[in-house]
Amino acid sequence: MKGALRIVAPDPEALKLGLGTDLSLAEARARIANLLVADHDPVADEALIERIADWCDRYTPLVARYGPNGLILDITGAAHLFRGEAALLADVMARLATFGLSAYGVIAGTPDTARALVRIGRTMIVEPGREAEAVRPLSVTALDLDEARTLALTRAGLKTIGDLVERPRAPLAARFGADCVDRLERLIGRAEHPVSPRRLVPAVLAERIFFEPIAHADDMNASLRALAADIAALLQTRGEGGRAFEASFYRVDGLVRRISVATARPNRDPVAIARLFHEKLDALSDPLEAGFGFDLIRLGAFRTEPFLEAQSSLDGHALDDDAVSDLVDRLGARFGVERVLRFVPEDTHIPERRARAVPALSLDDPSCPGWDEGFLSGEPPQRPLSLFNPPEPVEALAGVPDGPPLSFRWRRVLHQVARAEGPERIAPEWWRANDDTRERDYYRVEDREGRRFWLFREGLYQEQQPGPRWYLHGLFA
Amino acid sequence: MNTAKATLAALRRRVAAIEASGETEGREAARIVGLDQGEVDAALGGGLACGALHEIHAAAGADNAAASGFAAALVLRAAPQDRPVIWIRQDYAERENGALHADGLAALGLDPARLILVKLRDPVAVLRAGIEVARCAALGAIIVEVWGEPKALDLTTQRRLVLAAEASGVTIFLLRPGAQPLPGSAETRWLVRAGPAAALPMNAPGHPTFDLTLLRHRHGPPGGPWRLEWNRDAQLFKHQALLRHSAALSELGPPEAAAEGAVLPFERRTAPDRREGEGRAPDRRARSGGA
């Protein structure tokens with residue numbers, strides 16, 4: 001039946017009544033008269049699961065999505081922080097319940113085991129080495145094979161995982177494919193498949209858990225300073241410095257806010273790092289809402305690079321470079337990385353594409369060559385100090401069709417040209433795709449008041465057509 | 001007679017010594033850079049003081065480009081070689097006057113690789129950034145470009161800029177397009193107007209030329225007007241009057257000036273409808289290929 005309304009997510013009550021997913025709504029209504037139905041909103045569901053996933057970061061940085069409504073947390077080495085696996089699981093379930101969510105949670109040796117058990121609605125901890133035992137009663141659908149092979153397995157009388165476990169693997173692989181065996185091994189905890197975390201795992205991280213949630217800006221700054229010191233110590237033992245840092249603020253109601261800063265060179269100076277966060281927090285357009293407070297603050301360094309201990313040369317040049325890059329970092333944190341720029345030359349003749357302004361932070365080596373255009377000594381500037389992009393149209397009057405302008409009107413002011421030089425022709429770069437520029441004949445002109453302009457005539461004169469248009473492209477000093 | 005002369009000489013020496021020590025005590029570490037090695041420097045008492053705040057106004061809206069160019073030229077004079085330069089700009093300035101063009105900066109002599117451009121939305125941010133940046137002693141010079149007359153640029157803010165500049169030794173140029181010159185804490189205040197450049201052969205527009213008035217000078221009377229021309233190669237201002245001397249012309253003019261000198265009168269007569277292809281630019285520089 002196409003186009004019919006179907007049940008997407010039945011709640012436990014509905015499941016008890018035998019209403020499963022994919023049942024058509026009409027049929028469900030026929031069985032249960034007073035059914036409560038809400039429209040399926042996949043976008044909101046997605047947002048909710050993402051928010052929960054963010055929140056789960058508090059338990060481990062390794063959180064992965066599984067299916068539309070599952071999350072996998074790799075708690076290797078993290079459980080003891082929550083006083084053991086049982087306490088951790090209880091904590092997760094209790095907190096989720098306070099958010100009004102119903103969930104199942106399984107802790108097992110491999111993600112596949114846990115997944116299979118969660119899918120049948122269990123909340124449990126599988127003892128290490130007893131995975132096979134736990135999954136034995138499950139149906140072969142837990143293998144997640146395609147429909148044809150699942151059917152083939154049941155037809156062969158292999159209905160549960162327990163039926164498969166004892167069998168020799170070679171015939172199974174020959175009959176049902178190698179991945180069938182692979183999945184089985186993972187399910188019973190004998191093989192492991194790495195999960196891919198949804199967020200980049202920081203190279204180093206430090207965190208502070210607060211028994212009493214903190215809400216004061218001073219407290220937050222103090223804890224950021226302490227965290228920065230921790231991170232700096234960790235980075236020092238690795239001989240590295242970080243170029244991107246992220247602070248995560250976990251609010252008691254489950255909201256997670258992340259603030260990141262970047263630096264131009266590997267950095268591990270706790271004062272500088274804390275100061276960057278301070279600048280950034282100060283300049284946030286939507287300030288950090290503390291609400292009922294944060295109960296966890298975490299600081300992680302993401303991009304780490306070898307840190308060369310600065311050795312001050314005799315003239316202190318290296319220290320100067322550091323001072324400037326620290327300044328760039330601070331300006332970037334306060335005003336936005338995209339507002340602190342450096343020019344990078346491009347290999348083109350089109351003036352407006354000649355220089356690209358890139359965030360100063362992103363340049364590893366700002367001293368890029370390519371600007372020396374080979375001026376002749378004694379030559380006046382051939383390029384204007386300021387450039388209009390797009391060029392501003394002007395009404396110009398030329399003595400002869402392809403001569404320099406005699407006068408032009410720009411921004412409603414008439415300029416009488418006293419001197420002119422040109423044309424300098426800049427042709428379109430046909431070797432670039434999507435290049436819609438036309439031939440331009442540029443003139444350097446000076447008006448009677450002594451102001452210097454850069455004008456161009458776009459296109460060529462052609463018979464029977466209106467003359468080419470004039471534009472003002474730049475202003476000379 | 002002899003003793004009187006000797007006493008006078010001794011007294012002069014003492015006065016000179018007192019003056020010298022007073023000078024260094026008053027503004028220690030303040031470097032002074034010459035601009036033109038002539039009249040302007042004399043009016044400034046030797047040259048432009050570094051580690052101070054200098055304010056630059058444009059005479060009219062159309063002179064904003066000239067004011068920017070003058071600021072860039074002063075930066076080149078004031079900033080120690082190869083030190084980074086920061087130009088803090090309000091977004092509105094870019095809409096009104098066009099974006100800074102890296103090639104144009106290079107053509108004035110300022111290597112774009114030295115420049116860090118900070119583009120900010122409002123004057124408050126520009127001034128905040130200016131004070132922050134001015135504290136960094138590793139910089140060569142700063143241009144702070146604020147549009148119009150924002151309330152935020154009050155005497156207190158100017159004073160803070162001055163203090164930051166004095167502490168770090170970084171020279172700040174406060175570029176003020178669209179503002180009326182008013183009293184403030186600046187060391188010098190300039191009014192810039194684009195000046196007609198001395199024409200090059202073929203009646204081509206010449207070097208950047210500024211008509212300058214020194215509206216205020218903290219340690220002396222105002223001065224001007226002067227017409228100065230920026231010479232990129234020497235990184236120095238020259239008086240245009242000098243160019244009228246044939247000796248100066250051959251020194252400053254382009255290499256082909258002498259060779260083409262004979263055709264000058266002819267060119268002047270026919271300059272407006274000069275034929276295409278005789279221009280100076282195309283034969284000197286191979287621009288893009290096809291045409």
Side-chain angles (χ1 to χ4, degrees), chain A residues 320 323-324 327-328 330-331 335 339-343 345 349 351 354-355 357 360 366-368 371 373 375-389 399-400 402-403 406 413 418-427 429-430 439 444-446 449-452 474-477, chain B residues 62 65-66 68-70 72 84 97-108 111-113 115-120 125 129 132-133 136-139 194-197 199-200 202-209 233 252-255 272-274 276 279-282 284 287-291:
Chain A
D320 279 1
V324 173
L327 177 70
V328 166
R330 285 205 299 280
L331 292 172
F335 301 107
R339 291 191 165 269
V340 186
L341 307 163
R342 274 184 189 271
F343 290 114
H349 300 302
R354 171 81 172 108
S367 60
C368 49
W371 292 113
E373 260 270 304
F375 307 110
L376 292 187
S377 67
E379 178 190 60
Q382 295 292 319
R383 289 289 176 268
L385 179 62
S386 62
L387 198 73
F388 291 101
N389 193 15
V400 289
D402 48 1
L406 293 178
V413 179
R419 310 178 204 291
E421 181 194 60
E424 176 187 352
R425 176 162 293 178
I426 297 183
E429 298 177 327
W430 48 265
E439 283 89 356
R444 288 197 310 121
V445 306
E446 182 177 298
E449 275 89 57
R451 288 160 190 147
R452 286 160 287 275
L475 305 172
F476 288 96
Chain B
S68 300
F70 181 62
N97 285 342
L100 284 180
H101 187 42
D103 276 339
L105 287 166
L108 283 177
D111 181 5
L115 186 77
I116 300 171
L117 176 64
V118 183
K119 292 204 286 188
L120 297 173
E132 168 90 33
V133 167
C136 181
L139 296 173
L200 298 175
M202 322 270 284
N203 199 29
H207 295 265
T209 306
D233 305 318
L252 283 173
D273 46 10
R274 176 160 55 98
E276 197 182 315
R280 292 149 28 86
R284 264 212 317 277
R287 282 269 153 217
S288 63

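It should be emphasised that the depicted structure is a prediction, and the values quoted were computed from it without experimental measurement. Letters A, B, ... are given to chains in the order of the sequence lines, protein chains preceding strands, and every chain is numbered from 1. Keep in mind that the numbers below use all heavy atoms, side chains included, and drop hydrogens, waters and symmetry copies.
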Checklist entry - For the side chain of A:R342 and the backbone of B:I116, is there at least one donor-acceptor N/O pair under 3.5 Å apart? => result no

Checklist entry - Hey, is the main chain of B:A107 close enough, under 3.5 Å, to the side chain of A:R383 for a donor-acceptor pair? => result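 A pair under 3.5 Å: no.
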
Checklist entry - Pick from B:P112, B:P208, B:A65: which one has the most heavy-atom pairs with chain A under 4.5 Å? => result B:P112

Item to check | Largest heavy-atom contact set with chain A, pairs under 4.5 Å, which of B:A106, B:A66, B:A137 | outcome: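 Going by pairs under 4.5 Å, I would pick B:A106.
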
Compare every heavy atom of [Y] with every heavy atom of [X], then report the nearest pair and how far apart it is.
X: A:L327; Y: B:L139; value: CD2-CD1, 3.8 Å
X: A:R451; Y: B:A194; value: CG-CB, 3.6 Å
X: B:A138; Y: A:A323; value: CB-CB, 3.9 Å
X: B:G206; Y: A:E446; value: N-OE1, 4.3 Å
X: A:F388; Y: B:G98; value: CE2-N, 3.4 Å
X: A:R444; Y: B:A204; value: NH2-CB, 4.5 Å

Next on the checklist: As an exercise, state the distance from NE2 of A:H349 to CG of B:D103, rounded to the nearest 0.5 Å.
Outcome noted: 11.5 Å

Item to check | A:F343 CZ to B:L117 CG distance, which is reported to the nearest 0.5 Å | outcome: 5.0 Å

[X], part contacting chain B, at a heavy-atom distance under 4.5 Å:
X: A:A418; value: backbone
X: A:L385; value: both
X: A:V445; value: backbone

Checklist entry - Can you check whether B:T209 reaches A:R452 side chain to side chain, under 4.5 Å on heavy atoms? => result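 In contact.
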
Checklist entry - Side-chain contact, heavy-atom cut-off 4.5 Å: A:E379 with B:L200? => result no

